[in-house]
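Structure record follows, encoded as structure tokens.
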Amino acid sequence: IVQWTPFFQTYRKQRYPWVQLAGHQGNFKAGPDQGTILKKLCPKEEKCFKILMKDVLRPYVPEYKGLVASDDGECSYIQLQDLLGDFVSPCVMDCKIGVRTYLEEELAKAKEKPKLRKDMYEKMCQIDQDAPTDEEHKVKGVTKPRYMVWRETISSTATLGFRIEGVRNADGTSSKDFKTTKTKDHVMEAFESFIDGFPHALTKYIQRLQAIKATLETSDFFNTHEIIGSSLLFVHDRYTANVWLIDFAKTISLPDNVKIDHHSSWRVGNHEDGYLIGVNNLIKIFKTMLEN
Ligand code: ATP
Ligand code: MG
Ligand code: MG
């Protein structure tokens, strides 16, 4: 259990601990305007938000309010709508979408000098003694690309097209302990406990996810970008529930000659991200929960 509160936010005369479920703690600060936060600038992400403010997806992402320099002028931040602003003691869940969380170019770079890595072999053994091959056990090492591909199979990323990154519960406790939450049943258990005591949230989440799916299918942004490491942020309280797309730091425009459908299997080099596999599985799992 972790308390993950980089700062206190003030909004509508309320002061509350802001919740951050992923990323470095130093990457976020309270924003200069009411109801906003600052995230450390990543130029790729800023480019995406600029496009998104003119795309049909705009209602489904935090509003982007421009660049802000840090007090010492050392670095810049993007100013974003604080999605928690309209909630009272919100429950928050970050689900990272897609069948892989590294870029094609990151894998290609790892393949350039594929040295045997003892540290990665050991991490692999810690999670699953049987994961390394006989050969890898013999040399007590694995290559980085091998490790990168394997790592996506220990959570639900490779199979379901999403994984839970972190959850903040109603009682204020948080957990980021989902690295090996892999099966549909285990994911569903985590969702059940997330919405426990908030039955209205389930139907609202399903409706919103269906609206997101329909909008993605008509979005120019979605059509022309490979979306890696991006999340859906689920937020609910006693009164309401909502979902937004966040984190575009690894979202890049597709090369001119490449088209993806976000649904086909990923093969090295085809740029497919599996974004819709994740969204469809989320909808399916939430619908199953509604029937139970
Ligand atoms: P990583 O790449 O490790 O996922 P990051 O530094 O790119 O992290 P984000 O994923 O964008 O950061 O955000 C981290 C966390 O901060 C999210 O899980 C969420 O809890 C919170 N967060 C981000 N943006 C917002 C927002 N606009 N409103 C409210 N909460 C937010
Ligand atoms: Mg993130
Ligand atoms: Mg990120």
Side-chain angles (χ1 to χ4, degrees), residues 2-12 14 16-49 52-53 57-68 75-98 100-103 106 151-152 155 157 162-169 172-179 190 194 225-237 240-252 273 275 278:
V2 286
Q3 289 295 337
W4 201 232
T5 302
F7 58 85
F8 275 72
Q9 177 70 297
T10 310
Y11 187 56
R12 301 213 171 121
Q14 302 280 342
Y16 59 88
W18 194 71
V19 180
Q20 180 188 336
L21 294 175
H24 289 289
Q25 210 154 358
N27 282 2
F28 289 88
K29 301 201 292 185
D33 302 334
Q34 281 277 305
T36 69
I37 53 152
L38 298 178
K39 180 180 179 183
K40 250 204 198 120
L41 169 67
C42 159
K44 278 200 202 109
E45 180 165 46
E46 199 257 345
K47 209 169 153 205
C48 288
F49 271 114
L52 282 163
M53 287 303 100
L57 282 171
R58 178 172 175 145
Y60 302 96
V61 301
E63 196 181 338
Y64 172 53
K65 295 168 186 277
L67 287 172
V68 172
C75 59
S76 294
Y77 290 86
I78 55 172
Q79 191 181 1
L80 295 171
Q81 172 194 2
D82 178 2
L83 298 171
L84 309 183
D86 288 320
F87 293 84
V88 181
S89 307
C91 304
V92 190
M93 175 171 71
D94 179 310
C95 287
K96 199 163 265 198
I97 310 299
R100 63 188 157 95
T101 60
Y102 48 82
L103 293 164
E106 290 173 316
R151 203 177 42 190
E152 309 291 36
S155 72
T157 288
F162 74 87
R163 71 165 180 243
I164 304 172
E165 284 280 295
V167 170
R168 187 193 116 116
N169 298 298
T173 59
S174 315
S175 170
K176 307 218 297 167
D177 206 8
F178 298 100
K179 284 199 171 42
F194 174 58
H225 286 75
E226 175 180 350
I227 303 180
I228 302 298
S230 180
S231 288
L232 287 173
L233 193 70
F234 294 77
V235 189
H236 66 258
D237 64 9
T240 189
N242 217 334
V243 186
W244 290 270
L245 283 68
I246 64 163
D247 195 358
F248 301 98
K250 278 195 189 188
T251 294
I252 51 174
D273 54 20
Y275 197 97

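For ligands, and for the atoms within them, numbers begin at 1 and follow the listed sequence. Starting from 1, each residue takes its place in the sequence as its number.
Atom 10 (O) of ligand 1 has its closest protein heavy atom at D247 OD2, 2.8 Å. Given atom 20 (O) of ligand 1, the protein heavy atom at minimum distance is L21 N, 3.0 Å.
Every side chain to side chain contact (heavy atoms under 4.5 Å, CB included) that S155 has, sequence neighbours left out, goes to T157, R163. For D94, the side chain to side chain contact (heavy atoms under 4.5 Å, CB included) partners are L21, A22, E165, S231, L233, I246, not counting sequence neighbours.
For the Mg ion (ligand 2), protein N, O or S atoms closer than 2.8 Å were enumerated as D247 OD2, with waters left out.
The aromatic rings of F28 and W18 sit tilted relative to each other, their planes meeting at an angle between 30° and 60°.
Within ligand 1, the atoms closer than 4.0 Å to a non-hydrogen atom of N27 are 6 (O), numbered from 1 in the order shown. Listed by number with element, the atoms of ligand 1 under 4.0 angstrom from any heavy atom of D94 are 17 (C), 18 (O). Under a 4.0 Å criterion applied to the non-hydrogen atoms of F28, ligand 1 contributes the atoms 9 (P), 11 (O), 12 (O), 13 (O), 14 (C), 16 (O), 23 (C).
At a 4.0 Å heavy-atom cut-off, ligand 1 does not touch V92 at all.
Residue pairs meeting the salt bridge (charged side-chain N to carboxylate O under 4.0 Å, His left out) criterion with at least one member in residues 79-93, sequence neighbours excluded: R12-D86.
Within 6.0 Å of CG on D33 lie more than 12 heavy atoms contributed by other residues, nucleotides or ligands.
In this structure, E165 does not count as a contact residue of ligand 1, since none of its heavy atoms falls inside 4.0 Å of the ligand.
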